[in-house]
Amino acid sequence: MADLGKPQNTIAILQKYHFNFQKKFGQNFLIDPRVLDKIIVAAGITKEDFVLEIGPGIGTMTQYLCENAREVTAVEIDRNLIPILEDTLHDYENVEIINEDILKVDINRLAQEKNNGNPIKVVANLPYYITTPIIMGLFESHVPVDSITIMVQKEVAERMQAGPGSKDYGALSLAVQYYAKPEIIAHVPPNCFMPRPKVGSAVIRLVRHEKAAVQPENEELMFRVIRASFNQRRKTLVNGLNNSPEIPASKEQIAAALEQLGLNPNVRGEALTLEQFARLSDILEQQRNIP
Ligand code: SAM
C-alpha cells in the first residue's frame, strides 16, 4: 500500500471511499512524512515493542508503526474508517484494529494479552478535546505504560512541560510531571494536516517515572491542594486554599504550614515545585491527624 504520509495518497484514499470528515471526532489527518518519522524516532519504537495507537484515522501513522514495531493495536471510534483501515493496512500482519471508544477499552487487559503485562508504548494523534482524560486515565488507572508519544494542541504541550514561575504552569503540569517526564519533540503547523486545524500542534513524549516523582502521604489530598492553588491563581496561596471547600484546614493552619516550609506568607501557588506541594500536603495531613 502506498505511503499515506504523502498527501496525494491520502487524497486518493479519501476520494475512493467518499470519506466525510467528522468534526465531532476531531479528524485531522497527518500528511507529512517528516513529522511521522519524528514521532516514530521520539517514541523509540523497535521490533520488540507492542504499541497501542489511539485514533488511527485512515492508518497513516499505523503504517509507520507496523513497519517499526513488533505488534500494533489501533483503536478507532469511527466505524466508517474501519473498511478503509482494512484496505490501507492490508499488507501488515502485525496489526489489530478495534472499533471502539478508547475510553471504554480495558487497556490493562490489552497490555496483559499482548505484552505479558509489561509496560506498553502508546502513540496517538488525539482529538484535542479528549487529550487530558486519556492521558490522565492512562496514568491514574496504573496501566503498565512505558511512554506516551502524542500530538496535542501546542498550548497543551507547553502546559504539560511548564515549570514553576511560568504562566503555563498549573495543575496539568503537576499532574503530568508527577507521573512522567514530559519533553516537547516537535512543533507541527496546521499545513501538516488534512483538513488544517485552526490551532498549532506539538508532539510531546511523556516517559513514565518508575516511581512517582514525589511520595506524598496522601496523594489525593496533594492533588486537592494543587487544584485549589490554581483555581484562584491570582490569589495568595493562603487565600486560595482557605477559600476552597476541598481543603480541610483553617487559614492559620495553612499559614503555619507555609512557615514550616520556609515559604513567604504571600507566596502564590505558581511558585511552588511539585516537591513543595507534596510537603505542604503532608503538613496539612499531619495537622488533620492531630486530635
Ligand atoms: N492518527 C491519524 C493521523 O494522524 O492522521 C488520525 C488523527 S485524528 C486527529 C484523530 C482520530 O481519533 C480520528 O480518526 C478519530 O476518529 C479518532 N477518535 C476520536 N475520538 C476517539 C475515541 N474516543 N476513541 C478512539 N478514537 C477516537
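In this chain, numbering begins with 1 at the start of the sequence shown. Remember, it's 1-based here, ligands and their atoms both numbered in the order they're listed.
- Judged by distance alone, the side chain of Gln22 and the main-chain N or O of Lys24 form no donor-acceptor pair under 3.5 Å.
- On a distance-only criterion, Asn125 and ligand 1 share at least one N/O pair closer than 3.5 Å.
- Taking the charged nitrogens against the carboxylate oxygens, Arg159 and Glu155 have no contact shorter than 4.0 Å, which rules out a salt bridge.
- Near Asp101, meaning under 4.0 Å from any of its heavy atoms, are these atoms of ligand 1: 22 (C), 23 (N), 24 (N).
- When each atom of ligand 1 is checked for a heavy atom of Gly26 under 4.0 Å away, the hits are 8 (S), 9 (C), 10 (C).
- Regarding atom 24 (N) of ligand 1, its nearest protein heavy-atom neighbour is Ile102 N, 3.0 Å.
- Summarising the geometry of Leu206 relative to Pro182, their closest heavy-atom pair is CD2-CB, 3.5 Å, with the distance given to 0.1 Å.
- Within ligand 1, counting atoms from 1 as listed, the ones closer than 4.0 Å to a heavy atom of Val75 are 25 (C), 26 (N).
- Counted by atom type alone, Tyr92 and Glu67 present one or more donor-acceptor pairs between their side chains at under 3.5 Å.
- Given atom 2 (C) of ligand 1, the protein heavy atom at minimum distance is Pro56 O, 3.3 Å.
- Distance check, rounded to the nearest 0.5 Å: CG of Asn108 to CG of Leu138 gives 10.0 Å.
- Listed by number with element, the atoms of ligand 1 under 4.0 Å from a non-hydrogen atom of Gln27 are 13 (C), 15 (C), 16 (O).
- At the top of the distance list for atom 14 (O) of ligand 1, counting protein heavy atoms only, stands Glu76 OE1, 2.7 Å.
- With hydrogens and angles ignored, the 3.5 Å screen pairs no side-chain donor or acceptor of Gln287 with any backbone N or O of Ala249.
- The protein non-hydrogen atom at the shortest distance from atom 20 (N) of ligand 1 is Pro127 CG, 3.5 Å.
- Contact between Leu81 and ligand 1 is present, with at least one heavy atom of the residue lying under 4.0 Å from the ligand.
- Taking the ring centroids of Phe21 and Phe29, they lie under the 6.0 Å cut-off.
- In terms of N/O distances under 3.5 Å, ligand 1 is approached by Leu30.
- Among the atoms of Asn28, none of the N or O lies under 3.5 angstrom from an N or O of ligand 1.
- Nearest heavy-atom pair, Pro248 versus Arg224, reported as atom, atom and distance to 0.1 Å: CD-NH1, 4.2 Å.
- Not one N or O of Ile130 is nearer than 3.5 Å to an N or O of ligand 1, by distance alone.
- Partner of Lys251 under the side chain to side chain donor-acceptor pair (under 3.5 Å) criterion, out of Asn239, Asn242, Asn243: Asn239 alone.
- Counting only non-hydrogen atoms, the option in Gly55, Pro197, Pro133, Ser201 that gets closest to atom 6 (C) of ligand 1 is Gly55.
- Of the possible polar contacts, none joining the Thr60 side chain to the Gly5 backbone as a donor-acceptor pair under 3.5 Å is found.
- For ligand 1, the atoms lying closer than 4.0 Å to a non-hydrogen atom of Glu53 are 1 (N).
- Taking only non-hydrogen atoms, the option from Leu126, Val35, Asn80, Ile77 nearest to atom 21 (C) of ligand 1 is Ile77.
- For Asp49 (side chain) and Arg70 (main-chain N/O), no donor-acceptor pair under 3.5 Å exists by modelled atom type.
- At least one heavy atom of Glu100 sits closer than 4.0 Å to an atom of ligand 1.
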